Every structure is written in structure tokens, then in C-alpha cells.
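The block underneath contains the structure these notes are about, expressed in C-alpha cells.
Computed from a prediction, not measured in an experiment: that's the story for all the values here. Letters go in sequence order (proteins before strands), and every chain restarts at 1.
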There are 2 protein chains.
Amino acid sequence: MGNENLVFKKFLLSKGLKLTKPRKIILDTVFATHEHFNVDGLYDQIRKKHKDVSRATIYRTIPLLIESGLIKQSLRCLAKDHYEHIYGHGRHLHLICEKCGKIIEVESKETESILNKLAKKHDFKIREFNIGAKGLCEKCRNK
Amino acid sequence: MGNENLVFKKFLLSKGLKLTKPRKIILDTVFATHEHFNVDGLYDQIRKKHKDVSRATIYRTIPLLIESGLIKQSLRCLAKDHYEHIYGHGRHLHLICEKCGKIIEVESKETESILNKLAKKHDFKIREFNIGAKGLCEKCRNK
DNA sequence: TTGAGAATGAGATTTATTCTCAGAATGAAT
DNA sequence: ATTCATTCTGAGAATAAATCTCATTCTCAA
């Protein structure tokens with residue numbers, strides 16, 4: 001892992017944009033874990049090491065990470081947008097527990113191929129899947 | 001169609017809540033069409049006939065409609081939460097065009113049964129499915 | 001008809017996200 | 001290295017959807 005850097009660099013170059021320090025820090029922090037993230041959590045994480053990266057820049061960088069294909073918008077939870085990695089990760093869907101907030105990730109090849117078939121029938125070009133369900137996890141149900 | 005009233009009435013009763021005029025108006029307007037809706041659109045629609053229903057009451061009534069099983073939260077579009085009917089509607093998934101905003105609804109029995117199987121494997125109890133994809137519709141792609 | 005509790009409208013409040021702007025950083029060309 | 005046109009940045013203001021407050025009004029069971 002570390003090729004996110006190259007991907008992002010190429011993307012910026014192709015757009016005439018610049019690879020600045022804040023953008024590097026944001027990219028590295030995003031890919032330092034494999035977890036979902038939101039702006040608040042990311043900001044806290046970054047601030048531990050770098051006191052000079054602002055929320056505004058995080059908000060401005062996320063669309064670039066999305067456009068470069070490194071991350072995608074994921075679920076929305078507690079009124080906050082969440083994001084997840086695409087680069088280096090297999091496709092998956094989410095089972096979200098509405099009580100404890102736990103997110104179970106599951107392989108989703110089957111559902112995607114079905115969705116692809118349906119899209120073809122409607123002459124629709126899929127850019128991004130969004131497959132999941134909300135409910136109760138085993139722990140929250142058994143008590 | 002018209003049984004939404006009964007369903008909602010029973011739900012309110014079971015909760016010790018009251019079937020007020022604003023709630024009736026909101027319910028009727030929501031089910032006057034089969035379309036997705038958001039608070040703003042619903043408010044405008046209601047205001048054509050009833051000048052005395054406030055946004056606050058709409059925001060307060062929607063969770064009740066959800067809890068009673070009549071509607072569900074659907075996609076989020078242009079920073080607004082959208083909702084859709086459950087009562088009287090077959091399950092479906094969405095293909096959302098990111099350019100023109102068009103929403104294509106498609107039957108989704110297959111994907112749901114797969115998701116159900118996966119949920120079972122993880123001992124997860126699904127309350128609500130969320131299946132869809134974003135991309136470009138045929139019209140927006142061919143120009 | 002009454003009364004206790006629930007619901008309402010209006011507007012204030014909250015809060016995630018976006019915008020503004022003056023100054024700083026970037027990188028291609030020299 | 002230096003220059004310079006352009007892009008970026010941080011800080012805080014602005015925006016806007018959704019929630020909350022509160023004094024008043026409505027519901028409905030008795």
C-alpha cells in the first residue's frame with residue numbers, strides 16, 4: 001500500500017492541480033487505516049500531528065479523492081456524510097445496526113452482477129453501487 | 001388506496017398519539033401521488049390548499065409515517081433527505097442519474113433474497129433494504 | 001363539557017457543509 | 001535558483017436543512 005500517492009498525483013497532474021502538503025497529509029491519513037471515515041473524525045486524526053490543516057481543506061480535498069477514484073461516498077450516519085476506500089478494497093455491501101451503529105461489511109459480487117444486468121436493460125451506466133440494509137445486529141437483538 | 005389512513009390511525013392509537021388535522025393533511029398529500037418526495041416539495045404542495053401547516057409539523061410527522069411503516073427514507077439528493085412510499089408499493093431499487101436527477105425504479109426481488117441470505121449468515125435482522133446505483137442515464141450519456 | 005396531555009406554528013437554534021478573501025505555496029519556464 | 005501566473009490555504013463568515021423552544025390550541029376519553 002502506498003500507491004494511492006501515485007494515483008492521486010497523476011489525477012492532480014491531469015487536472016492541472018497541485019500536490020500540496022495539506023493534500024498529502026489528508027491522503028496519507030485517509031489511507032492510514034482501512035476504516036470508513038467522516039470529516040470530523042478525519043480532522044481529529046490529522047490534528048494529532050498537524051495543527052495547520054483546516055476543516056475547509058479537508059472538505060475541499062474529499063471531492064478530489066472521490067473524482068480520482070480512491071474513495072467513494074458511503075453511508076450517511078447521524079447527519080454526517082461518511083466515506084470509504086475504493087482503491088485496494090474489494091467491493092462490499094453494508095449491514096448497518098441501527099442501535100449500536102456497527103457496520104458489517106460483506107462481499108457483494110452477486111448483487112452487483114444482478115444490478116449490472118438490470119442497468120443494462122435500462123441503458124444505464126453505473127458509476128457507483130450502493131447496496132446495503134439497515135436493521136439490528138445479533139448482539140443488539142439478543143437483549 | 002385510502003387505507004393509509006387506517007394504518008396511520010391505528011399506529012397513532014397504539015402509541016397514545018392523536019390524529020390531528022395537520023397530520024391528516026400531511027398523510028393525504030404524501031399519498032396523493034406515488035412519487036418520491038422531500039420536505040420542501042411536500043411543504044409547497046400542502047401550502048397550495050392549506051396555509052396553516054408549518055414546516056415544523058411536517059418534520060415532526062415524517063418520523064411517525066416511517067415508524068408506522070407507511071414510508072421510508074430513500075435517497076439523499078442535493079443535500080436533502082428524500083422519502084418514498086412503502087405501503088402499497090412493491091420493493092424496488094433505484095438507478096439515479098447524476099446529471100439530470102432522473103430516478104429509474106426497478107424490481108429487486110433477486111437482490112433482496114441474496115441480501116437476506118447474507119444477513120442470515122451474519123445473524124443480522126434486516127428492517128430496511130437500501131439497494132441502488134448512481135451513474136448516467138441513456139439520454140445524458142448520448143450527448 | 002371538561003381537563004390532562006399531546007400537538008401546533010412561529011421563529012430561534014443547531015450544525016454540517018460551503019463560500020469568501022487576502023496572503024502563501026506550487027511548479028513550469030527561465 | 002528566481003520568477004510569476006496560477007492554484008491553495010486557513011480562518012471565519014455564510015448557508016441551509018433539520019431540530020428545538022415555548023406559549024397557545026387542539027384532541028379525545030371520561
Side-chain angles (χ1 to χ4, degrees), chain A residues 5-6 8-30 36-47 49-68 71 73-83 101, chain B residues 5-6 8-30 36-47 49-68 71-83:
Chain A
N5 272 282
L6 193 59
F8 196 43
K9 211 168 189 169
K10 272 189 185 169
F11 166 78
L12 292 174
L13 201 68
S14 76
K15 286 276 190 172
L17 304 178
K18 295 168 181 175
L19 182 55
T20 62
K21 275 175 201 162
R23 283 179 181 161
K24 256 184 265 184
I25 291 168
I26 292 166
L27 177 69
D28 287 347
T29 310
V30 163
H36 290 235
F37 66 95
N38 59 40
V39 170
D40 259 21
L42 183 56
Y43 180 75
D44 290 346
Q45 200 61 29
I46 286 173
R47 277 288 167 138
K49 298 240 171 190
H50 308 275
K51 299 291 181 204
D52 50 351
V53 174
S54 73
R55 264 203 179 72
T57 299
I58 295 177
Y59 275 111
R60 283 185 287 233
T61 302
I62 284 176
L64 300 177
L65 293 175
I66 291 175
E67 206 186 338
S68 68
I71 69 172
Q73 231 179 131
S74 178
L75 41 98
R76 194 177 159 80
C77 193
L78 299 172
K80 287 184 182 111
D81 285 334
H82 286 238
Y83 305 91
Chain B
N5 272 281
L6 193 59
F8 197 42
K9 211 168 190 170
K10 273 188 186 169
F11 167 77
L12 292 174
L13 200 67
S14 77
K15 287 274 189 175
L17 304 178
K18 294 167 183 178
L19 182 55
T20 62
K21 274 175 202 162
R23 282 179 182 162
K24 256 185 265 182
I25 292 168
I26 292 166
L27 177 69
D28 288 347
T29 310
V30 164
H36 290 235
F37 66 94
N38 58 42
V39 171
D40 259 22
L42 183 57
Y43 179 76
D44 290 347
Q45 201 61 29
I46 287 173
R47 278 287 167 139
K49 299 241 169 190
H50 308 276
K51 299 293 181 202
D52 50 350
V53 174
S54 73
R55 263 202 182 73
T57 299
I58 294 176
Y59 275 112
R60 282 186 286 233
T61 302
I62 283 175
L64 300 177
L65 293 175
I66 291 175
E67 206 186 337
S68 69
I71 68 172
K72 62 170 256 189
Q73 230 180 134
S74 176
L75 42 97
R76 194 179 158 79
C77 193
L78 299 171
K80 285 182 184 116
D81 284 335
H82 286 238
Y83 305 91

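Here B:Thr57 contributes atom OG1 and B:Ile26 contributes atom CD1; the two are 6.0 Å apart, rounded to the nearest 0.5 Å. Between the CZ atom in A:Phe8 and the CG atom in A:Leu13 there is a gap of 12.0 Å [rounded to 0.5 Å]. Summarising the geometry, atom CG belonging to B:Leu64 is positioned 9.0 Å from atom NZ belonging to B:Lys15; distances are rounded to the nearest 0.5 Å. In this structure, A:Ile25 CD1 and A:His50 NE2 are separated by 4.0 Å, a value rounded to the nearest 0.5 Å.
For the pair B:Arg47 (side chain) and B:Val53 (backbone), a donor-acceptor distance under 3.5 Å is present. Between the side chain of B:Arg55 and the backbone N or O of B:Tyr43, no donor-acceptor pair lies under 3.5 Å.
Following rounding to the nearest Å, B:Lys15 (NZ) and C:dA6 (P) show an atom-to-atom distance of 13 Å. The nearest whole Å value for the distance from the CD1 atom in B:Ile26 to the P atom in C:dT8 is 7 Å. One can place CD1 of B:Ile62 at 16 Å from P of C:dA7, the figure rounded to the nearest angstrom. To the nearest angstrom, C1' of C:dT26 lies 12 Å from CG of A:Leu13. Rounding to whole angstrom units, CD1 of residue A:Ile25 and P of C:dA25 are separated by 13 Å. Separating the CG atom of B:Leu65 from the P atom of C:dA7 is a distance of 13 Å, rounded to the nearest angstrom. What separates NZ of B:Lys24 from P of D:dC26 is a distance of 14 Å, to the nearest Å. Atom C1' of nucleotide C:dA7 and atom CD1 of B:Ile58 are separated by 15 Å, given to the nearest angstrom.
Rounded to 10°, the helix from C:dT1-D:dA30 to C:dT30-D:dA1 has 40° between the axis fitted to its first five pairs and the one fitted to its last five.
Sequence order on DNA chain C of the closest nucleotides to B:Gly16 and B:Thr57 puts B:Gly16 first from the 5' end.
In this structure, B:Gln73 and B:Ile66 approach most closely via the heavy-atom pair N-CD1, 4.4 Å.
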message: Counting primed atoms plus P, OP1 and OP2 as sugar-phosphate and everything else as base, spell out the protein contacts along nucleotides 17-24 of chain D at 4.0 Å heavy-atom distance: B, S or - for each nucleotide, 5' to 3'.
response: SBBBB---
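Among the nucleotides D:dC28, C:dA10, C:dA28, the one closest to the side chain of B:Arg47 is C:dA10.
By the 6.0 Å contact criterion, NZ on B:Lys9 is open, its count of non-hydrogen atoms from other residues, nucleotides or ligands being 12 or less.
In terms of phosphate contacts, B:Thr20 brings no side-chain nitrogen or oxygen within less than 4.0 Å of OP1 or OP2 of C:dA6.
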task: Take B:Leu65 and B:Phe11 through the test side-chain contact (heavy atoms from CB on, under 4.5 Å) and record every step on the way to the result.
output: CA-CA 9 Å; B:Leu65 293 175; B:Phe11 167 77; over 6 Å; no
